*Asks:* 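Dropping the structure in here first, questions after.
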Amino acid sequence: MTVDSDSGMDDFGYKESLDRSLGKFASFAAGVSYISILTGTFQLFYFGFGTAGPAYLWSWPAVFVGQLCVALCFMELAAKYPVAGSVYNWAKLLGRRVVGWSAGWLMLTASIVTLSAVVLALQLNLPRIWSGFQIIGDGSGDNDFATNAVLLGAIMIAITTTINALGVKLMAMINSAGVFIELIAAVLIAVILAANITRGPEVFFSTNGYGAGESGGFLAAFLVASLASGYVMYGFDTASSLGEETVEPRRTAPKAILRAILASFVIGGAILVFAVMAAPDLDDPSLGSPDGSLQSIVESVMWGPLGTVFLICIVIAVIVCSLAVHTAAIRLTFAMARDNALPFGESLAKVNPKTQTPVVPAVTIGVLAIAILVVNVGQPQIFTVLTSIAIIMIYLAYLMVTGPLLVKRFKGEWPPKDLKPGGYFTMGRAGLIVNLVAVVWGAGMALNLAWPRVAVYGSPWYNTWGAFVYIGVILVLGLAWYGTTGRRHIGTLKSHASTGEERSPS
């Protein structure tokens with residue numbers, strides 16, 4: 001198989017082994033489904049609103065600007081290196097090998113936990129559509145909700161494992177259809193909310209009493225509430241991580257990244273803004289509770305069967321989000337394994353000759369994600385802590401890319417000389433400022449996310465300081481393997497190394 005001259009794989013010495021069949025919409029859909037407008041906004045509105053009221057929505061454009069700077073850096077990298085496990089490979093190429101490995105390790109562990117967290121959202125919606133989805137108990141028992149959530153989640157992970165194992169074409173077809181439905185539903189929800197507004201935009205220009213009497217005032221409350229927005233706008237790099245399966249990836253992936261984050265910001269922001277303006281009663285305590293949240297506002301303005309249709313669309317969003325998270329984790333595992341940068345690298349990097357898909361990573365990640373669900377079935381607070389920490393690890397992994405990239409810019413070693421003449425995306429002179437903002441933003445947001453707060457992480461102390469404790473443990477365990485075993489064996493496996501005959505002439 002000849003390496004696509006537009007693939008960027010020559011720079012890594014990899015040969016093509018995956019099915020290059022994804023088009024522009026499939027690439028865009030991968031990034032949108034990971035961000036998942038409906039999943040993120042509907043799951044986390046209660047947290048932001050309950051902490052800082054309507055004005056918390058100013059965190060939405062703030063997070064967008066910061067993440068857009070990160071996305072623009074990723075777009076340049078994707079224009080040069082659209083390869084599987086993008087964050088890992090970019091960090092490896094830009095920084096020292098240990099930086100790349102650490103970025104990949106953090107991203108991988110975070111992705112597995114994120115998959116476990118996303119599928120739990122099925123319990124919030126499926127039993128409301130049909131009581132038969134409450135398989136365990138009737139929902140009134142102490143453990144009915146949590147145990148049934150784990151069961152539904154495990155079934156969903158088994159389904160995403162099967163789809164991913166059967167090939168990228170099937171995954172892309174399901175994901176693209178789901179994203180198409182999600183986008184239409186999200187736009188319709190925004191329109192229905194806009195048609196039912198009862199107040200003007202002045203509600204966003206007042207603290208409404210939130211933060212009063214607290215240390216730090218409204219700013220402290222706002223920083224906590226901003227976590228709700230920070231938890232949504234990430235995962236756009238998935239479009240690049242599927243670069244080895246995308247047609248003309250150096251042109252397609254950067255555009256897909258930009259379109260994914262722009263669509264999520266505009267449509268998600270419209271839903272949030274119009275929901276606050278259409279809420280029957282902003283003093284309703286249920287708005288700050290997961291039992292009410294954004295769902296209660298939307299349901300209050302729905303009529304007839306639209307409420308059920310809305311819930312079905314949410315379920316579809318959760319399904320495609322789960323599928324995208326699983327897919328991205330598989331590509332990252334495959335990318336690290338073919339460098340022999342994970343235990344059992346040869347097995348994890350094996351591609352099924354019939355489906356051209358890495359099946360072993362799909363199954364391994366599925367089993368680990370289900371195991372996390374089962375272990376935490378009776379410990380919801382621990383699970384919440386681990387879920388929050390997974391997001392922090394992703395922000396840190398992003399920082400391990402934007403940081404070394406900024407150093408390259410200061411040295412005059414970036415952007416590559418072939419981007420502008422070749423018509424590929426590049427920020428040009430603006431790149432230095434954008435990259436600097438991306439680094440400052442990434443460091444600041446990671447610190448804000450990790451800051452020990454009982455209101456977020458609960459107690460005892462090891463939960464309150466969970467971001468430092470658990471991420472520290474994960475890094476120590478990973479680096480222990482890297483330092484004692486991994487670093488001596490890391491290198492492209494012969495089964496995936498490109499030969500002189502396989503490389504296209506430059």
Side-chain angles (χ1 to χ4, degrees), residues 35-64 66-67 113-114 116-121 123-125 145-146 149 203-204 207-211 214 216 218-235 264-265 268-269 271-273 275-276 279 281-299 314 317-318 321 380-392 394-395 445-459 463-464 466-467:
I35 297 173
S36 190
I37 302 165
L38 294 184
T39 303
T41 53
F42 279 88
Q43 273 191 314
L44 296 162
F45 174 85
Y46 82 91
F47 181 84
F49 187 90
T51 305
Y56 106 85
L57 283 181
W58 288 107
S59 66
W60 190 257
V63 169
F64 168 70
Q67 290 298 79
V113 174
T114 300
S116 300
V118 170
V119 297
L120 287 178
Q123 178 64 27
L124 299 175
N125 299 287
F145 185 89
V203 69
F204 301 110
T207 62
N208 294 287
Y210 286 88
E214 296 181 15
F218 181 77
L219 177 61
F222 179 80
L223 289 175
V224 174
S226 67
L227 306 189
S229 299
Y231 285 177
V232 179
M233 272 182 272
Y234 69 95
S264 300
F265 167 69
I271 290 174
L272 293 171
V273 168
V276 171
D281 180 11
L282 290 180
D283 294 323
D284 183 354
S286 70
L287 297 183
S289 166
D291 296 332
S293 193
L294 186 55
Q295 285 91 330
S296 64
I297 298 176
V298 175
E299 287 175 340
I314 293 291
V318 173
C321 181
Q381 186 61 52
I382 293 292
F383 193 86
T384 301
V385 171
L386 291 178
T387 303
S388 301
I389 288 169
I391 312 303
I392 300 169
I394 291 174
Y395 272 79
M445 194 59 179
L447 181 62
N448 183 38
L449 288 165
W451 199 260
R453 300 180 177 103
V454 175
V456 177
Y457 295 107
S459 57
N463 279 346
T464 307

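These figures come from a predicted structure and were not determined experimentally.
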*Asks:* By side chain to side chain contact (heavy atoms under 4.5 Å, CB included), which residues pair with T39, not counting sequence neighbours?
*Replies:*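 Side chain to side chain contact (heavy atoms under 4.5 Å, CB included) check on T39 returns S36, Q43, A317, V318, C321.
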*Asks:* Looking at every heavy atom in both M233 and V63, which two are closest together, and how far apart are they?
*Replies:*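 Scanning both residues, the minimum pair turns out to be CE-CG1, 4.0 Å.
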*Asks:* Taking atom CZ of F218 and atom CG of N208, what is their separation to the nearest 0.5 Å?
*Replies:*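 The distance works out to 8.0 Å.
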*Asks:* List the residues meeting ring pair (Phe, Tyr, Trp, His ring centres under 6.0 Å) with F42, not counting sequence neighbours, and say none if there are none.
*Replies:*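 Only F310 meet the ring pair (Phe, Tyr, Trp, His ring centres under 6.0 Å) criterion with F42.
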*Asks:* Could you list the residues that satisfy ring pair (Phe, Tyr, Trp, His ring centres under 6.0 Å) with W451, not counting sequence neighbours?
*Replies:*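 For W451 there are no ring pair (Phe, Tyr, Trp, His ring centres under 6.0 Å) partners, ignoring immediate neighbours.
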*Asks:* Name all residues meeting the ring pair (Phe, Tyr, Trp, His ring centres under 6.0 Å) criterion together with F64; count only those two or more places apart in sequence or in a different chain, and write none if there are none.
*Replies:* F265
*Asks:* Identify the two heavy atoms, one from D283 and one from D281, that lie closest to each other, and give their separation to 0.1 Å.
*Replies:* N-OD1, 2.9 Å
*Asks:* Locate the shortest heavy-atom distance separating T51 from Y210; write the atom from each residue and the value.
*Replies:*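 Smallest heavy-atom distance, with atoms named: O-CD2, 3.6 Å.
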*Asks:* I'd like to check the side chain to side chain contact (heavy atoms under 4.5 Å, CB included) partners of V119; sequence neighbours left out, ordered by chain and number.
*Replies:* L115, M156, I157, S322, L373
*Asks:* I'd like to know if the side chain of S293 and the backbone of S289 have a donor-acceptor N/O pair within less than 3.5 Å.
*Replies:*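 Flag not set: sc S293 to bb S289 has no pair under 3.5 Å.
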*Asks:* Ignoring hydrogens, what is the shortest heavy-atom contact between V276 and L282? Give both atom names and the distance.
*Replies:* O-CD2, 3.7 Å
*Asks:* Could you check whether any side-chain heavy atom of I391 comes within less than 4.5 Å of a side-chain heavy atom of Y234, counting everything from C-beta outward?
*Replies:* yes
*Asks:* Name all residues meeting the side chain to side chain donor-acceptor pair (under 3.5 Å) criterion together with Q67; count only those two or more places apart in sequence or in a different chain, and write none if there are none.
*Replies:*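 Scan of Q67 (side chain to side chain donor-acceptor pair (under 3.5 Å), adjacent residues dropped) gives W441.
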*Asks:* Taking ring pair (Phe, Tyr, Trp, His ring centres under 6.0 Å) as the definition, give me every residue that meets it alongside Y395, ordered by chain and number, with sequence neighbours left out.
*Replies:* none
*Asks:* Between F45 and L294, which heavy-atom pair has the shortest distance, and what is it?
*Replies:* CD2-N, 3.5 Å
*Asks:* Taking only residues two or more places apart in sequence or in another chain, which ones pass side chain to side chain donor-acceptor pair (under 3.5 Å) with S286?
*Replies:* D284
*Asks:* Mind checking side chain to side chain donor-acceptor pair (under 3.5 Å) for Y231 and listing every partner two or more places apart, or none if nothing turns up?
*Replies:* S388
*Asks:* If I take atom CD1 from residue I392 and atom CE from residue M445, how far apart are they, to the nearest 0.5 angstrom?
*Replies:*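 If I round to the nearest 0.5 Å, the distance is 9.5 Å.
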*Asks:* According to side chain to side chain donor-acceptor pair (under 3.5 Å), who are the partners of T114, at least two apart in sequence or on a separate chain?
*Replies:* none
*Asks:* In Å, rounded to the nearest 0.5 Å, how long is the span from CG of L287 to OG of S296?
*Replies:* 5.0 Å
*Asks:* Only counting residues at least two apart or in another chain, list the ones meeting side chain to side chain contact (heavy atoms under 4.5 Å, CB included) with P452.
*Replies:*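 So P452 forms a side chain to side chain contact (heavy atoms under 4.5 Å, CB included) with T464, W465, F468.
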*Asks:* Evaluate the side-chain proximity of Y56 to L272: yes if any heavy-atom separation is below 4.5 Å, no if none is.
*Replies:* yes
*Asks:* Please round to the nearest 0.5 Å and tell me the distance separating atom CG of L38 and atom CD1 of I314.
*Replies:*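 It is 4.5 Å, given to the nearest 0.5 Å.
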*Asks:* If you look at every heavy atom in P54 and F204, which pair is closest and at what distance?
*Replies:*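 Where P54 meets F204 most closely, the heavy atoms are O-CD2, 3.4 Å.
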*Asks:* For residues 219-230, tabulate all N or O donor-acceptor pairs below 3.5 Å that involve a side-chain atom, not counting sequence neighbours.
*Replies:*
unit_1: S226; atom_1: OG; unit_2: L223; atom_2: O; d: 2.6
unit_1: S226; atom_1: OG; unit_2: N448; atom_2: ND2; d: 3.1
unit_1: S229; atom_1: OG; unit_2: S59; atom_2: OG; d: 2.8

*Asks:* CG of N463 to CD1 of I389: how many Å apart, nearest 0.5 Å?
*Replies:* 8.0 Å
